[in-house]
Amino acid sequence: MNQHADVLVWGQGPAVFEVFLEPTCPFSVRAFNKFDALLAHAGEENITLKIRLQSQPWHLYSGLIVRYILAAACESKTAARQVMQAVADHREEFEFTDHCTGPNRDATPNQILERLKTYSGVDAMAAFDRPDLQNAIKWHCKYARQNGIHVSPTFMVNGLVQPDISSGDDIEQWASFLKR
């Protein structure tokens with residue numbers, strides 16, 4: 001039996017705004033927290049927002065957290081978004097200080113998973129434990145590599161990487177790229 005994870009897509013418009021995120025990256029969190037405002041500003045009938053997960057090894061629990069998000073997506077994209085929001089809201093609970101030290105170095109993977117479940121209210125452990133979930137993880141990795149994505153956040157509009165878009169931009173700036 002194949003494990004199916006919902007695609008992380010919101011809106012149904014012709015302009016496609018893809019964002020490659022590492023869930024614990026502070027710049028990815030800043031971008032993630034603007035998505036609802038972007039959808040409201042642009043109109044869900046005008047934009048399709050696609051979240052792509054970009055695990056990065058210097059964020060030491062990145063792979064574990066990405067797997068949990070995709071496990072939650074096996075329930076629904078809404079559940080996956082709840083987990084992403086929980087990570088965004090409690091980022092220090094999932095990240096090492098300076099990528100190498102701090103209290104999270106003593107945390108076990110099971111403790112991190114328990115934090116994800118507690119903060120998000122989403123129990124994704126059954127899907128997390130399925131070996132075939134790796135197919136969804138590999139898809140995100142391959143898609144990023146095929147598009148030359150190496151860091152997060154990276155933005156694509158209508159299939160083209162946009163190096164001029166930053167997580168620090170306001171949503172009006174992002175929306176201006178959708179009209180080009």
Side-chain angles (χ1 to χ4, degrees), residues 3 5-10 18-38 49-145 147-156 165-169:
Q3 188 67 51
D6 261 5
V7 292
L8 306 176
V9 176
W10 288 266
E18 291 180 86
V19 187
F20 295 78
L21 302 176
E22 193 294 319
T24 65
C25 166
F27 304 105
S28 289
V29 167
R30 182 167 50 187
F32 175 79
N33 283 330
K34 295 178 183 179
F35 291 162
D36 286 339
L38 176 64
L49 171 66
K50 298 180 179 184
I51 296 176
R52 309 302 188 189
L53 297 174
Q54 174 67 13
S55 183
Q56 296 174 326
W58 55 92
H59 293 284
L60 295 176
Y61 282 127
S62 183
L64 184 77
I65 293 167
V66 164
R67 184 179 184 94
Y68 197 86
I69 291 167
L70 291 174
C74 293
E75 179 182 321
S76 69
K77 68 181 181 181
T78 302
R81 195 169 193 308
Q82 282 177 242
V83 174
M84 286 186 282
Q85 191 64 61
V87 173
D89 292 346
H90 303 277
R91 199 181 74 72
E92 280 87 30
E93 296 288 325
F94 302 103
E95 184 58 84
F96 286 68
T97 305
D98 299 323
H99 302 294
C100 59
T101 64
N104 282 334
R105 209 157 98 173
D106 293 327
T108 68
N110 281 330
Q111 288 171 322
I112 296 298
L113 294 173
E114 187 59 36
R115 288 177 196 170
L116 289 166
K117 178 181 165 185
T118 299
Y119 288 138
S120 69
V122 175
D123 183 354
M125 287 310 298
F128 185 94
D129 288 343
R130 302 256 330 241
D132 55 346
L133 181 62
Q134 72 187 355
N135 295 330
I137 298 164
K138 287 179 178 180
W139 184 90
H140 280 260
C141 289
K142 288 177 187 178
Y143 186 74
R145 288 184 186 142
N147 284 286
I149 309 300
H150 302 287
V151 296
S152 71
T154 298
F155 302 84
M156 282 180 32
I165 299 179
S166 162
S167 63
D169 298 337

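Starting from 1, each residue takes its place in the sequence as its number.
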Charged N-O contact under 4.0 Å between R81 and D36: yes
Aromatic plane relationship, F35 with F32 - under 30° parallel, 30 to 60° tilted, over 60° perpendicular: perpendicular
Atom pair CD1 (I51) and CD (E18), whose distance is rounded to the nearest 0.5 Å: 11.0 Å
Under 3.5 Å: donor-acceptor pair, side chain of D123, backbone of K117: no
Atom CG of D98: over 12 foreign heavy atoms under 6.0 Å: no
Residue list, ring pair (Phe, Tyr, Trp, His ring centres under 6.0 Å) with F128, at least two apart or on another chain: none
Stepwise side-chain contact (heavy atoms from CB on, under 4.5 Å) test for N33 and Q85: CA-CA 8 Å; N33 283 330; Q85 191 64 61; 3.1 Å; yes
Any donor-acceptor N or O pair under 3.5 Å, side chains Q56, S152: yes
H90 NE2 to L116 CG distance, which is reported to the nearest 0.5 Å: 10.5 Å
Sub-4.5 Å side-chain heavy-atom contact between H59 and F94: no
Separation of L70 CG from Q134 CD (nearest 0.5 Å): 12.0 Å
Sidechain-backbone polar pair: R115 side chain, E93 backbone, donor-acceptor under 3.5 Å: yes
Over all atoms of both residues, closest heavy-atom pair of H99 and W58: ND1-O, 3.2 Å
Of S28, P26, P23, C25, the residue whose pairing with R91 passes side chain to side chain contact (heavy atoms under 4.5 Å, CB included): P26
Minimal non-hydrogen separation, F27 against R30, with atom names: CD2-NH2, 3.1 Å
Closest approach of K34 to S167 (non-hydrogen atoms, all atoms of both residues): NZ-O, 2.6 Å
Qualifying residues under salt bridge (charged side-chain N to carboxylate O under 4.0 Å, His left out), relative to R67, sequence neighbours excluded: none
T154/Q54 under side-chain contact (heavy atoms from CB on, under 4.5 Å): CA gap, chis, key distance, verdict: CA-CA 9 Å; T154 298; Q54 174 67 13; over 6 Å; no
R52 vs I149 side-chain heavy atoms within contact, under 4.5 Å: no
Criterion side chain to side chain contact (heavy atoms under 4.5 Å, CB included) against E95, the qualifying member of L60, T24, V87: T24
Criterion side-chain contact (heavy atoms from CB on, under 4.5 Å) on L113 and Y68, from CA distance to verdict: CA-CA 8 Å; L113 294 173; Y68 197 86; 3.6 Å; yes
Pair L53-L8, side-chain contact (heavy atoms from CB on, under 4.5 Å): steps then yes or no: CA-CA 9 Å; L53 297 174; L8 306 176; 4.3 Å; yes
Geometric class of the F96/Y61 ring pair [parallel <30°, tilted 30-60°, perpendicular >60°]: tilted
Where A136 and A5 come nearest, the two heavy atoms and their spacing: CB-CB, 4.1 Å
Atom of G148, atom of H150 and distance for their closest heavy-atom approach: O-CD2, 3.3 Å
Under 3.5 Å: donor-acceptor pair, side chain of Q82, backbone of S120: yes
Considering all heavy atoms, the nearest M84-I69 contact: CG-CD1, 3.6 Å
